[in-house]
Amino acid sequence: MALARRRLDAVIVGAGGAGMRCSLQLARAGLSVAVLSKVFPTRSHTVAAQGGIGASLGNMTEDQWLWHMFDTVKGSDYLGDQDAIEFMCREASSAVYELEHLGMPFDRNPDGTIYQRPFGGHSANFGEKPVPRACAVADRTGHALLHTLYQCNVAAKTQFFVEYMALDLVRDADGDCLGVVALEMETGQPVLLESKVTVLATGGAGRIFAASTNAYINTGDGLGMVARAGLPLQDMEFWQFHPTGVAGAGVLITEGVRGEGGILLNSRGERFMERYAPTLKDLAPRDFVSRSMDQEIKEGRGCGSERDHVMLKLDHLGAETIMKRLPSIREIALKFADVDPIREPIPVVPTIHYQMGGIPANLHGQVIAPADGNCEAVVGGLYAIGECSCVSVHGANRLGTNSLLDLIVFGRAAGNHIVSALGRGSAHKPLPHDAADATLSRLAQLDSRPSGERTQVVAADLRRTMQAHCGVFRTGALLAEGVRMVAELAERAAQVAINDKSRIFNTARVEAIELSNLVAAAQATIASALARTESRGAHARDDFPQRDDANWIKHTLWYSDGRALQYKPVHLQPLSVATFEPKKRTF
Amino acid sequence: MIAETPVSAPSPSVQGGVARFRVYRYDPEQDRKPRMQDFEVRLHAHDKMLLDALMRIKAELDDSLSFRRSCREGVCGSDAMNINGRNGLACVTNLRDLRQPIVLRPLPGLPVVRDLIVDMTDFFQQYHSIKPYLVNNTAPPERERLQSPKQRDELDGLYECILCACCSTSCPSFWWNPDKFVGPAGLLQAYRFLADSRDEAGAERLDNLMDPYRLFRCHSIMNCVDVCPKGLNPTSAIGKIKEMMLRREI
């Protein structure tokens, strides 16, 4: 079969906030850019972000980027790279103003400026008190951001390849990335997209867990592609539990609820966060709140007949505030929890939400990997931005509102870097003759396998295994057993069969390919978690309950080929200010 | 269809029970014409929404059943379909509110790609045709442009659209003229930019809709309002565009 080919300056895989912020930069610079997406761009998971985007605009009370930086470093449990964090927090205000100029319909203050609300872990004056830093569009900030970026890309005439799934990177003997092989879902045809630069903006792999706030499409496709290409994944042991997923359903309830004044209660009706975090209380960072909730549940103060969740109370905010600032939360509570939060509390439980780790990248978005003694050598032609990347600005625990910020700041930074790199003039390198062979043979094997397990049987086992062995409670024994089980699941995943033989919009085929990516993300996660014998941020080991700064201020690198984990130093030196030295985290 | 859809009597709770389906099937590679297929699926304790049941059918009974889905919480707009004669999102449609067998068809009026997946090209072309982006050629200030809360309130009920197409594909005017009539979703967004105090292209936006078809094919039958899963009101927005045009004439 002749393989369809397209040649472009840049290919961006993923049309969420990061991908579309980057594509906007490239399209406006006149480059030929193709954005590939498994779903129509406005269906990308950025759309589900609710509470806000962090920037020290200081519209409500005094604020400074340095305070934002301090909170982010402390929030990361000192695993974040302080140069990248400084860059992000300094760029935040201009990036948010730019979104406003692009048309994003931010909520407003009486003086006409952007409305900001408090959020977990964000404080004034280095931890003194909560500060309103989350720039909000009601509780639909991600929706407003994603639609605004799509609209601006329409204006800039960005080329979208809608419902194309990227399958593999194409690299040459030098290791440079020359494009991707993708699948056009509607026709079932593979296509080779040749490009001078390839940007991965594929989002997280939150679907490796059974209880997740993530969309079905969050299968870590970029992580799978990178792992198959022999490149490492970084800090994959760090997965954020969002404190407030609707119990049983997993649907997200924004931290903005607590930003607006909502509080968490245990079965005794006690506001327990006052005990754990006397200053920030319910607005402590997510790892801290989630662990406190688990502690309450573990000690028998959970709510409901199973005593397995706590309550989020917001009725005291009043119907007017709820309808104005949190309208979608009310809708979600009515639909998924059968409660009206104007009158009753919402049952909530910590739920997998965000992948702090990912494809190692520098602050220009360039993918980096150890080579020739340099642990941060640039991989030619390849960028990674957004949740799929690890810059690392989130370290061991991300602060709320910093994910949307990450998308915008590094989407723009990568865009600028690409524009200037391609502006210096470069040609397409020759493609290796076997560029697509491995991918096509993998597809052919899947299509021709006469019998085997169903994809979703294996996927469900994978999610259950990860939840049970690599969830809130992690111990060496649980993790070691989990590593063995995931290895077995990897073998089963390689042998799944699909009954659907049609070429037309074959979603069974897509799900089987997604499973291979989920497996890579799960293997990276659980192997990295087993090795890290300390508790830091979202990674909590019952058998190693303390943070171990002497041995573990370092980033994990995992490779899919079974070689031992590698480690590299954390950047403790910021760009222009003094280092924030690791301290015990109290809130 | 749709406009006069009766509210079906809630069936006994189906969570944990069996749900019965009649689903539209069509694969252009295998089928000469569409057919309806029956399914019975045993639900698990947490299967609450229609999408949960569809995912279970696909995972356990028939992996060839094809539909779009993503966020499973009513914000991405992927899983719009015709459910017991009425357009809606599978992920926020509670199974207990549906009469069985639950009859599922693709959104009406658009070409079917396969099963419940429709070709949305016409729908998005109409959306693009209204220039769905802010136009402001004045150099922006260093900080945000100011907008009063009252001016910002004008955008409520407009910007929240998720482009699911439930509205436009329940509109007879859009069925007959998907290439000429912008349709309720596109017009709602046209008004979203007309109503934005920061936008400078009001006159061009109105010119762009001055046409016997693009705007004026709306006959206010309000199917769009009836089915919108986000509770938005395109008919009201269309009325406001017509008022703006009228005011401009005098």
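On a predicted model such as this, the values are computed, not experimentally measured, just so you know.
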- [ ] Test A:E331 against B:K230 for salt bridge (Lys or Arg N to Asp or Glu O under 4.0 Å), laying out the working first.
- [x] CA-CA 9 Å; A:E331 237 179 272; B:K230 305 312 283 182; 3.4 Å; yes
Task: Verdict with supporting geometry, A:E186 and B:R114, salt bridge (Lys or Arg N to Asp or Glu O under 4.0 Å) - done: CA-CA 9 Å; A:E186 185 172 333; B:R114 182 178 179 182; over 6 Å; no
Task: Full working for salt bridge (Lys or Arg N to Asp or Glu O under 4.0 Å) between A:E100 and B:R143 - done: CA-CA 9 Å; A:E100 194 284 323; B:R143 296 181 55 106; over 6 Å; no
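If you measure heavy-atom distances from A:H143 to chain B, the contacts under 4.5 Å come from the side chain alone. Using a 4.5 Å cut-off between heavy atoms, A:F106 contacts chain B through its backbone alone, with no side-chain atom that close. Both the backbone and the side chain of B:E160 come within less than 4.5 Å of a heavy atom of chain A. For chain B, the nearby parts of A:D107 are the backbone and the side chain; heavy atoms of each come within less than 4.5 Å. Residue contact with chain B, scored on non-hydrogen atoms closer than 4.5 Å, is absent for A:K38. With a threshold of 4.5 angstrom between heavy atoms, A:R503 approaches chain B through its backbone and through its side chain. For B:D199, no part sits under 4.5 Å from any heavy atom of chain A, backbone or side chain. In this structure, the portions of A:N506 lying under 4.5 Å from any heavy atom of chain B include both its backbone and its side chain. At a 4.5 Å heavy-atom cutoff, the contact between B:Y127 and chain A is made by side-chain atoms alone. Heavy-atom distances place the backbone of A:S212, and not its side chain, under 4.5 Å from chain B. Only the backbone of A:A249 comes within contact range of chain B, with heavy atoms under 4.5 Å apart. With a 4.5 angstrom heavy-atom cutoff, B:I162 touches chain A via backbone and side-chain atoms both.
Chain B forms the most heavy-atom pairs under 4.5 Å with one residue out of A:V137, A:V96, A:L99, and that residue is A:V137. Of the listed residues (B:G74, B:S66, B:S78, B:P28), the one with the most heavy-atom contacts under 4.5 Å to chain A is B:S78. Between chain A and the options B:L163, B:D196, B:D52, the largest number of non-hydrogen pairs under 4.5 Å is found for B:L163. Taking chain A as the reference chain and counting heavy-atom pairs below 4.5 Å, the highest number among B:G77, B:S64, B:C76, B:G231 is found for B:C76. Considering only heavy-atom pairs separated by less than 4.5 Å from chain A, the leading option among B:E142, B:Q151, B:M120, B:K131 is B:E142.
Contact detail for A:R43 and B:S70: the closest heavy-atom pair is O-OG, 3.9 Å. For B:K48 against A:A337, the heavy-atom pair with the smallest separation is NZ-N, 4.3 Å.
One finds the CE atom of A:M185 at 7.5 Å from the CD1 atom of B:I117 (value rounded to the nearest 0.5 Å). The NZ atom of A:K501 sits 11.0 Å away from the CD atom of B:Q30 when rounded to the nearest 0.5 Å. Considering CG of B:L146 and OG1 of A:T113, their distance stands at 7.0 Å, rounded to 0.5 Å. Atom CG of A:D500 is separated from atom CG of B:D63 by 5.5 Å, given to the nearest 0.5 angstrom. Between atom SG of residue B:C71 and atom CD1 of residue A:I217 there is a gap of 9.0 Å, rounded to the nearest 0.5 Å. Between the CZ atom of A:F505 and the CG atom of B:D27 there is a distance of 12.5 Å, given to the nearest 0.5 Å.
Using modelled atom types, one side-chain atom of B:E144 and one backbone atom of A:I114 make a donor-acceptor pair closer than 3.5 Å. Side-chain atoms of B:R69 do not come within 3.5 Å of backbone N or O of A:Y216 as any donor-acceptor pair.
Around the CZ atom of B:R105, the shell of radius 6.0 Å holds no more than 12 heavy atoms that belong to other residues, nucleotides or ligands.
Side chains of A:T507 and B:K58: a donor-acceptor N/O pair is present below 3.5 angstrom, by distance only. If you check the side chains of A:N109 and B:R152, you find no donor sitting under 3.5 Å from an acceptor. No side-chain donor from either of A:Y97 and B:R145 sits under 3.5 Å from a side-chain acceptor of the other.
You'll find the ring centres of A:Y150 and B:Y133 outside the 6.0 Å limit.
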